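Keep in mind that what you see is a predicted model, and the values were worked out from it rather than measured. In what follows, chains carry the letters A, B, and so on, assigned in the order in which the sequence lines appear, proteins first and then strands, with residues in each chain numbered from 1.
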Amino acid sequence: MSFVQRTHWCGEIRRGHVGEEVTLNGWVHRIRDLGGLFFVDLRDRTGLVQLMLAPEVKGQMDLRSETVLSVTGIVEPRASANVNAKLPTGEVEVKATGLTVLNDCGVLPFPVSDEDQMLRVNEELRVKHRYLDLRRPSMYKRLALRAAAVGKLRRYLDERGFVEVETPIFTKSTPEGARDYLVPYRLEPGHFYALPQSPQQYKQLLMVAGVERYYQIAKCFRDEAQRADRQPEFTQLDLEMSFVTQEDVLSLVEGMTLSVVNELIEEFSLEKDPVAPFTRLSYDESMRLYGNDKPDLRFGLPLFDVTEAVAGSGFGVFRSAVEAGGKVRGVRYPGGGSLSRKEVGEVEEFCKGFGAKGMAWVSVGTEAVEGAVDLGDGRFLRGSAAKALSPDEAKAILAAAAAEPGDLVCLVADSWAVTCDVLSRLRLHVGDRCGLRDRRKLHFAFVLDFPLVDWNEEEQRWDPTHHPFTSPKFEDLVYLDTDPGRIRADCYDVVCNGVEWASGSIRIHRPDVQARMFQLIGVGEEEQRSRFGHILDAFSFGAPPHGGIAPGIDRMIMFLTDDENIREVIAFPKLGGGFDPMMEAPSDIDARQWDEMGLMVRPAPVKA
RNA sequence: GAGGGUGUAGCUCAGUCGGUUAGAGCGUCGGCCUGUCACGCCGAAGGUCGCGGGUUCGAGCCCCGUCAUCCUCGCCA
């Protein structure tokens, strides 16, 4: 079928086009039928323009939402009273002279033209009819933003001598980390390919291959439970460099991020402040000040530690925690002193929900209200711990917390790990409640010097924190036999606003160091051969020193769009169980395919 | 694997203490309307109250089970 093709885009028609004949192609966004006059907002991917159809032009044609049109007409100015200030094209309209319906549209499953209502429409329905959902300008903008982001990343790296290399999707299972997605191998039933959880080994092999600077926009596959920010397949900017130090990798990724993100903020008019150079902090600092390895640095409220000050306290909860080798740490809740008992109870319940045995609290005021303890310096203390603490202890806590009158000071006494976990979450919770997590800010930071290994209590062994090829810091190798937990790695994360964005490391390139690493994490020679033989072989042929990093593309877009759900930034996402309601995948296969693959399904085990 | 929320018209939701024929807005269909832009006005159609079982004289509502979905914990080197 032939049709008249567009001479202009809907969204670009302006006063300057008045008098011109234009042809537009697009979808009917919305209709206003006044009987003798018929208005259509015509939409293409660039925007909307109003068409005015006289009765003789419109005729008996059946126009409804999402009908596909080719329209020819004259651009006319609107009378000042009729200007629509909400539209960039609102000063003009196109008076149609010719109109062709290119395709009709059925009754829609949801209101495509109403962005407000679409915010509440059931997700499953949106994903099932994704091709309609993506017609919305806000969704198209996400696709365009993502494409621009990937394009800029590629350009940035191309200009710096990186080579984009594709690595296989059909690869080998490495039973570690996440569950693999498996693909049956027809020629040898019982053998399977695995889809890559990341191209980690390939990129290191490319360094052995002398590529020196590699990157890839890489799909990664992990068969694990879903979360708001996790999909079974997701995209990373995977990159690796040879003959580099940690500093080289960091400065590259920082420069790239600043350049690309700031250009996107500008070009897409995103409601974000320009991104500043990255903050740097060590893993230890991060745990001490924020309780986790992905701090939200948009606000302060660092955790504080009063273990020393309350070690001999009359407050039994604190004393016994310290005697058991634990810590007493806390976080300040600005203005929390005005919370009711019930509200403070809710904060305590929040803490208990993450494993705290309880939460002690004090609040400080300047008036001698009933039940308050006089600190003798014009300040008065209330709270669950107020009476049990000595004035010196109380003052030490207030000083450590930097508490001002009116603040609530929340304290948790427990093991180091529990205080970190509970207080890091409480800090974010307080940040939310106090409105400190500013949507305009993107605060990027490097977290450095992660431990090389951590102790796996269940298995009674050391596990790699990152992966077995991560290089230890040379100067820390002296702890290898005496205190492996103290060895730091040349390993780094980029975090943004409390979310892990990128993770990378300098890799081990010396066989003797690699052998000691395997020894430390309890991987014997036989297991090394079977699981890592190919890469160890490769390293024996002159592997250069190398390292890399892999930022998440989906999350990068989420930062920029303020989406809290990763589905919003993926064209065709899957639902919670990994199900795609549009394609109806995964699906059964036909009998012949079962047969060809040499597969059968075992009956489900009977539940106990 | 565990916990919580949701499930009523095409969409978004209301539905009182368990009690008459399950409602509203939007959309759809029909009619009217020459300056609308969330057009307006009049009218109509449209329901397996997720599914199965139970309690009850009577269940959208209570109970048990189940399915789907969302969020969280665990998990994700």
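Donor-acceptor pairing under 3.5 Å, judged by distance alone, is present between the side chain of A/Arg78 and the base of B/rU36. For a distance-only test at 3.5 Å, the side chain of A/Arg222 fails to qualify as a donor-acceptor partner of the base of B/rC76. Contact of A/Arg64 with B/rC29 (side chain to base): no donor-acceptor pair of N or O atoms is detected under 3.5 Å. In this model, no side-chain donor or acceptor of A/Arg30 finds a partner on the base of B/rC39 within 3.5 Å.
With a cut-off of 3.5 Å on both Watson-Crick or G-U wobble distances, the partner of B/rG10 is given as B/rC26. In this entry B/rC75 has no Watson-Crick or G-U wobble partner, no candidate having both defining distances under 3.5 Å. As the counterpart of B/rC57, B/rG19 is assigned, both hydrogen-bonding distances of the Watson-Crick or G-U wobble pattern falling under 3.5 Å. Here B/rC49 sits opposite no nucleotide as a Watson-Crick or G-U wobble pair (both hydrogen-bonding atom distances under 3.5 Å).
By the 30° and 60° cut-offs, the orientation of the rings of A/His129 relative to A/Tyr131 is perpendicular. Between A/Phe350 and A/His429, the ring planes lie parallel to each other; the angle is under 30°, not in the 30° to 60° tilted range.
A distance of about 15 Å separates the C1' atoms of B/rA68 and B/rG52, rounded to the whole Å. Taking atom P on both nucleotides, B/rU55 is separated from B/rC73 by 41 Å, rounded to a whole Å. Separation of the P atoms belonging to B/rG25 and B/rC41 is 11 Å when rounded to the nearest angstrom.
The shortest distance between the side-chain N/O atoms of A/Arg227 and the OP1/OP2 oxygens of B/rC70 is not below 4.0 Å.
Judged purely by distance below 3.5 Å, without hydrogens or angles, the side chains of A/Thr46 and A/Asp44 pair a donor atom with an acceptor atom. In this structure, a donor-acceptor pair under 3.5 Å is present between the side chains of A/Tyr214 and A/Asp238.
Remark: ring of A/Phe110 does not overlap the six-membered base ring of B/rC11 in a stacked fashion, as centroids less than 5.5 Å apart with planes less than 30° apart are not both met.
Here A/Glu93 lies in heavy-atom contact (under 4.0 Å) with a base. Among the protein residues, A/Arg120 comes within range of the sugar-phosphate backbone only, with heavy atoms under 4.0 Å from sugar or phosphate atoms but none that close to a base.
Each of A/Leu125 and A/Leu37 was assigned the nucleotide of RNA chain B with the nearest heavy atom; the assignment lying further toward the 5' end belongs to A/Leu125.
With B/rC75, B/rA77, B/rC11 as the choices, the nucleotide that has an atom nearest any side-chain atom of A/Glu224 turns out to be B/rC75.
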